[in-house]
Amino acid sequence: MPNIIEITDFSAPELDIYARLTENQLLNRHEPEKGIFIAESPKVIERALDAGCRPISFLSERRHVDGQGRELVERCGDIPVYVAELDVLTKLTGFQLTRGMLCAMYRPPLRSVEEVCAGAKRIAVLENVVNPTNVGAIFRSAAALNMDAVLLTPACSNPLYRRAIRVSMGNVFLVPWTFLGGQEPGEDAWPGEGMETLRRLGFKTAAMALSDRSVSIADPRLKAEEKLAVILGTEGDGLAGETLADCDYVVKIPMSHGVDSLNVAAASAVAFWELGRLAE
């Protein structure tokens with residue numbers, strides 16, 4: 001039986017996770033087992049539930065409880081479902097809700113690199129990609145274009161930040177992912193130990209960058225690799241020199257009109273489409 005609670009007190013502590021806690025507070029680095037994320041929109045919430053994420057509460061436009069969100073609410077048993085009209089929710093949260101529904105959930109335990117990469121042939125590695133929008137867009141492309149897993153260096157934006165989840169359309173719950181060595185910058189030596197881990201797991205590495213040794217993304221050797229890790233760098237500066245030196249391949253996307261690069265999210269879509277297809 002749904003536990004419907006009408007919002008009457010904006011200051012109620014139960015609403016802090018939706019209205020007053022920052023992303024870093026929700027992440028709770030000091031006690032990661034208590035970390036929380038916010039899924040937004042019925043479709044994204046459904047994907048998170050299908051992935052095994054545990055719900056805490058809903059914040060919903062009243063009409064959705066008996067509409068498109070009804071099955072989700074019923075699926076989650078008697079957890080609190082806070083409801084109000086859309087203008088009240090917008091005032092409470094400070095932004096327009098996408099499709100009028102949020103769900104607070106516990107963050108799942110971080111998986112090991114070995115577990116995430118088990119059976120994978122094509123993976124993406126993100127080096128210091130700090131913009132949540134780019135991280136979300138990359139995950140959407142990874143899910144659509146044949147990437148089996150995503151690894152992130154500790155300085156990357158967390159894939160379970162609200163904007164990243166929203167931009168990914170919930171695909172962060174479809175593609176296995178983890179951090180290389182933990183979630184704190186400096187926890188693991190990248191590229192050193194991280195590259196060694198990839199090699200130990202049998203991956204050849206392909207850095208997406210322009211350099212004197214760059215080969216075309218259409219180079220047949222890339223498709224012929226049984227296991228390939230496609231490495232993408234931070235916005236603006238791209239991949240670190242040490243990363244480029246350690247990779248098996250440096251790969252470029254041929255361009256026209258004097259354009260020398262693409263946004264990392266756009267480049268990921270091109271790279272995943274071309275490199276995600278194994279040689280026939």
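Below, each value reflects all heavy atoms present in this structure, side chains not excepted, and no hydrogens, waters or symmetry copies. One-based numbering along the sequence shown.
- No side-chain donor-acceptor contact under 3.5 Å links Trp177 to the backbone of Leu152.
- No donor-acceptor pair closer than 3.5 Å links the side chain of Thr178 to the backbone N or O of Ser112.
- The closest side-chain heavy-atom distance from Pro55 to Leu49 is below 4.5 Å.
- A distance-only check finds a donor-acceptor pair linking the side chain of Arg122 to the backbone of Glu226 [under 3.5 Å].
- No side-chain heavy atom of Val264 sits less than 4.5 Å from a side-chain heavy atom of Asn131.
- Across all non-hydrogen atoms, the minimal contact from Ile36 to Ala104 is CG2-CB, 4.2 Å.
- In this structure a side-chain-to-backbone donor-acceptor pair under 3.5 Å is present from Ser168 to Gly170.
- With hydrogens and angles ignored, the 3.5 Å screen pairs a side-chain donor or acceptor of Gln25 with a backbone N or O of Thr22.
- Heavy atoms from other residues, nucleotides or ligands lying under 6.0 Å from CD of Glu33 number more than 12.
- At distances below 3.5 Å, at least one donor-acceptor pair connects side-chain atoms of Glu127 with backbone N or O atoms of Ala240.
- Evaluation of the side chain to side chain contact (heavy atoms under 4.5 Å, CB included) rule for Asn146 yields Arg277 as partners, not counting sequence neighbours.
- Around atom CZ of Arg70, no more than 12 heavy atoms belonging to other residues, nucleotides or ligands sit under 6.0 Å away.
- Arg47 contributes a side-chain N or O that, together with a main-chain N or O of Met169, makes up a donor-acceptor pair within less than 3.5 Å.
- From Asn134, atom CG reaches atom CZ of Phe139 across 12.5 Å, with rounding to the nearest 0.5 Å.
- Judged purely by atom type and a 3.5 angstrom limit, Asn171 has no side-chain atom pairing as donor or acceptor with the backbone of Leu174.
- A donor-acceptor pair is defined here as one N or O able to donate and one able to accept, closer than 3.5 Å; such a pair exists between the side chain of Asp248 and the backbone of Thr205.
- Val44 places none of its side-chain heavy atoms less than 4.5 Å from the side chain of Arg162.
- In this structure a side-chain-to-backbone donor-acceptor pair under 3.5 Å is missing from Glu46 to Leu72.
- Across all their heavy atoms, Val250 and Leu244 have their closest contact at CG2-O, 4.1 Å.
- One finds no salt bridge joining Lys121 and Glu225 here, because no Lys/Arg side-chain nitrogen approaches an Asp/Glu carboxylate oxygen to under 4.0 Å.
- At a threshold of 4.5 Å between non-hydrogen side-chain atoms, the residues Leu151 and Val116 count as touching.
- The aromatic rings of Phe37 and Phe173 are tilted relative to each other, their planes meeting at an angle between 30° and 60°.
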